[in-house]
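Notes to accompany the following structure.
Just the heavy atoms: all of them, side chains too, but no hydrogens, waters or symmetry mates, feed the values below. Quick caveat, the model's predicted, so the values are computed rather than measured.
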Amino acid sequence: MFWIIFLFLNVVATDNSQEKFKQCNNQQCILIQCYFPVPEFLNATRNEIKLFENFLDQHHIFISYYLCNDLSIDNIDEVGACIYGVLFKLYQFDANLTIHQRIQVQSAQIQEESVAVVMDMISTILYRIQSINDTNKLKNIMSKSNDEDIVVINAQSLTAQVHFTVSRTILNYGQWFTFIYSIDKNNKETIDCLYQIYPFDSNVISSQCVIENNIRMILEQRIRARKDRLNIINSFSDLTHVNVFQRTLSTLFYIHTNSTFTLISNKNMTIIPVIDIDNHVFLHGPYPFYLFWSAKKNIFQRLGDQPSNELLDILIQEEQKQHLENIYGMFDDEVRYIADAYDEIEIDPNVLFLKNQEDYYHNQEKHLKNAILFTVKWDSTSKLARKTFHQLALYLHNYLSMIDIDCFDWTDICNEENIFEWPTLILTENKTIMKIYQGSTDKNEMALALFRFSVNQPYLIDDDSSETLIENILTHQRLIILAQIQHQEKFLYDTYKNLVDMFLDNEHIFFMFKYSTESSSLIIKQKYGDINSFLQPKTIVHALNEDLNHLQILISDALRIPMIPFDPMDIIKSTRTTFLVASHSQLIQLNDYFLLNNPSIENPFVWIDTNSLWVLTINQYGHIPYPAVIYINDSNKNIVSGKVYMNSTLNDIDTWLKTVQMGSIEPFYEFSSIDIDEGPSQKEIDFNKQTYDEQLLNEYRIIHEESEKINEYGIGFDMNGFPVDMNN
């Protein structure tokens, strides 16, 4: 046991939760100390709870995060219990302002489950969440309901992922509803229903069954029906959010400054009156006026003080409709614009649509650089590419001309350019094709390709805002180099320009510069930092001087990235990819041995955390001792196929890879061809589907049963992580 504890990385949260708790100094204040078995659980939980930080502060709940090895070794029972789940230490003031401590444990062997049990603990404190095992208890709760709808959750077979979603829902909406976990096996109504909603104004026990995908929408509808709905708008963010979740329903607000008003009536829309909030700049006069929030487009629309029912009905229809076409499936310009709006494609006015074939050639003569996107209207990937293209036009149209061409309408042009695959992005300069990208719809990748093509390096940064904008465009750039040149040392630009020329063909780097009153420096921003920081972005500042050789060494060293974190799309986009599967603790141990002895610059190893669901998929095909290296020998943009090789010895990886590439080693397993456009042809290895395989996750539930044996504190928790009354 002790050697396992020793491996854990000490990443104690450096927040001020304890100080806030001491300053609070009243009975309402609660400090929750959470102890996790591994750093991955801790960081995932902290990131999810961060969304609720302001909400929790308002309710005087303060949370701090620790690892199990932060517990005192003198209390071996606490340490042992913590290894198999999440251990809570709860601190609260009594009437005499004396602090009391309680200890509770909840099992959590999967990352999502660890987040869920922490959220459940918070909700139990805030809303008194209960667990029942028979219908009579439900009737008793309903009789005491304080004008709140009751939401009963079927907790008999929750997977970790579903439990995580449920716990977030409870924490966000718990102030308006009474949530109950039900483990009543005799209740036939809840067998196939995750949520059962019992309205508080019902005289009989009648419920509405709600599936997981619709629960937020239904809860928001019920909140709108409450008599006190006027009291839920207290800040500007409440116009777009219900607590911390963005609204799923479009809403009409009446913004006013007078206590007496008469609302218009519309049978299809609930109207919420709002007194001007903090004189927000967005809600300026003249008053009153109606404000429509579009949940689909994530925008406001000011409608004046007397919008017609026809206008409101049109807005509602636009929110509900998804597609519009005539009986022949063809689109004219006006209909295409409307259909694109329904498909959430915001047409950017800076993108050129051809009026005639001559426009295609005239525009390339008029502009030095052009980005031309070829798509077809019925292809879903083309739609995604068009959406990305138009989103980027807002930021990139000043750098190059952008043209959107549908090959269904302009067959001759597409044939002339040999466009037989969609989407295809062509970059031209002086009417000459410089680069061709096919199949990519990723916003960051497309932005990187377009921006690198459209500007010259080093790129001059005029101000801090433009620097931030450019770095957002270059999200996928592995290395960004910024030269900060003091005004009195402008001669350093020549040295920097020579440095840029040395690496200009390397697409992993982007060079920028700006003039400053501060001392000259070379700022290196790496997308992937070191292993101890979980490969998070890293910034290093060096002095900028005329020593070109030294500057070249700094850039070369920054390029030597041996490890990058796993991106699920790597398995689709990459060929001959090498993965290292290990926990973060193992990765730190391997740093000196593995990474230094197996350096890789142009093609770094991809790290996959053993806590990843993708690893659970690999585990189906046999026992694998981790850490291990996985090598996939073949993959292209349309067909995923090939052989998967495993190496758990980690000895002389370079030689092993060469042997694998020669075909001298039997693969661990093969996955058959999967046509991405047509879907998997066989029921074999479809990684995207198996990542969310509930049956696979249920097989791991046996671990929860074993960990229940250690629950000796507080009220205890069952195998699903729900409270169990130890007195029964």
Side-chain angles (χ1 to χ4, degrees), residues 11-18 20-21 24 29-36 38-66 86 88 90 106 108 110-127 129 151 153 158-177 179 195 212-220 223 232-249 251 277 293 295-296 298 472 475 534 536-537 565 609 611 613 721:
V11 290
V12 179
T14 58
D15 57 31
N16 57 351
S17 300
Q18 295 188 39
K20 288 182 178 179
F21 172 71
C24 189
C29 305
I30 297 178
L31 173 64
I32 307 176
Q33 292 183 347
C34 307
Y35 293 82
F36 301 84
V38 292
E40 293 85 352
F41 288 15
L42 184 153
N43 286 286
T45 304
R46 182 165 49 193
N47 290 337
E48 290 295 337
I49 298 296
K50 189 175 294 183
L51 182 66
F52 295 87
E53 274 184 352
N54 292 335
F55 169 72
L56 296 178
D57 283 347
Q58 293 171 9
H59 288 80
H60 310 295
I61 293 181
F62 312 105
I63 305 177
S64 54
Y65 307 85
Y66 304 87
V86 181
F88 298 90
L90 308 176
Q106 292 192 23
I110 297 177
Q111 181 170 293
E112 289 84 354
E113 192 72 27
S114 69
V115 181
V117 297
V118 173
M119 289 188 172
D120 276 347
M121 176 61 69
I122 298 171
S123 296
T124 300
I125 294 171
L126 284 173
Y127 314 126
I129 305 302
V151 183
I153 301 159
L158 288 181
T159 64
Q161 182 63 44
V162 174
H163 187 192
F164 165 68
T165 304
V166 168
S167 65
R168 292 180 83 244
T169 301
I170 295 175
L171 185 54
N172 191 74
Y173 297 100
Q175 57 187 303
W176 295 290
F177 300 89
F179 284 90
Y195 298 94
E212 179 182 353
N213 294 339
N214 291 339
I215 184 61
R216 288 177 57 184
M217 180 182 68
I218 299 299
L219 293 180
E220 288 184 27
I223 292 174
I232 67 174
I233 309 296
N234 299 309
S235 65
F236 182 78
S237 65
D238 291 335
L239 298 177
T240 57
H241 292 72
V242 179
N243 200 355
V244 302
F245 285 178
Q246 184 167 304
R247 292 182 181 274
T248 61
L249 297 175
T251 308
I277 305 168
W293 161 253
K296 181 177 181 181
N298 194 24
N472 288 337
T475 301
F534 286 85
Q536 294 299 306
D609 195 327
N611 192 51
L613 288 178

Please verify the inter-ring angle class for W176 with Y173; under 30° counts as parallel, over 60° as perpendicular, anything in between as tilted.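 Tilted.
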
For the residue pair [X] and [Y], what are the closest heavy atoms and their distance?
| X | Y | answer |
| --- | --- | --- |
| E48 | M119 | CB-CE, 3.8 Å |
| A295 | L249 | CB-C, 3.8 Å |
| F55 | H59 | O-ND1, 3.0 Å |
| F21 | C29 | CE1-O, 3.5 Å |
| T45 | Y65 | CG2-CE2, 4.1 Å |
| K20 | D57 | NZ-OD2, 3.4 Å |

Spacing of [atom1] belonging to [X] relative to [atom2] belonging to [Y], to within rounding of 0.5 Å:
| X | Y | atom1 | atom2 | result |
| --- | --- | --- | --- | --- |
| I223 | N243 | CD1 | CG | 9.0 Å |
| R46 | I63 | CZ | CD1 | 12.0 Å |
| F88 | C34 | CZ | SG | 5.0 Å |
| I122 | Y127 | CD1 | OH | 9.5 Å |
| L239 | T251 | CG | OG1 | 9.0 Å |
| I30 | L126 | CD1 | CG | 7.5 Å |

If you define the side chain from C-beta out and look only at heavy atoms, does anything of [X] sit under 4.5 Å from [Y]?
| X | Y | answer |
| --- | --- | --- |
| L219 | N172 | no |
| I215 | T165 | no |
| M121 | L90 | yes |

H163 and side-chain hydrogen bond (donor to acceptor under 3.5 Å, both in side chains): which partner among E112, E113, R168? E113

My understanding is that only one of T169, I218, N214 makes a side-chain contact (heavy atoms from CB on, under 4.5 Å) with Y195; could you say which? T169

Among L171, V166, I129, exactly one meets side-chain contact (heavy atoms from CB on, under 4.5 Å) together with F179. Which residue is that? I129

Given F62 and N16, is the side chain to side chain contact (heavy atoms under 4.5 Å, CB included) satisfied, shown in steps? CA-CA 9 Å; F62 312 105; N16 57 351; over 6 Å; no

E220 side chain vs V242 backbone, donor-acceptor pair below 3.5 Å: no

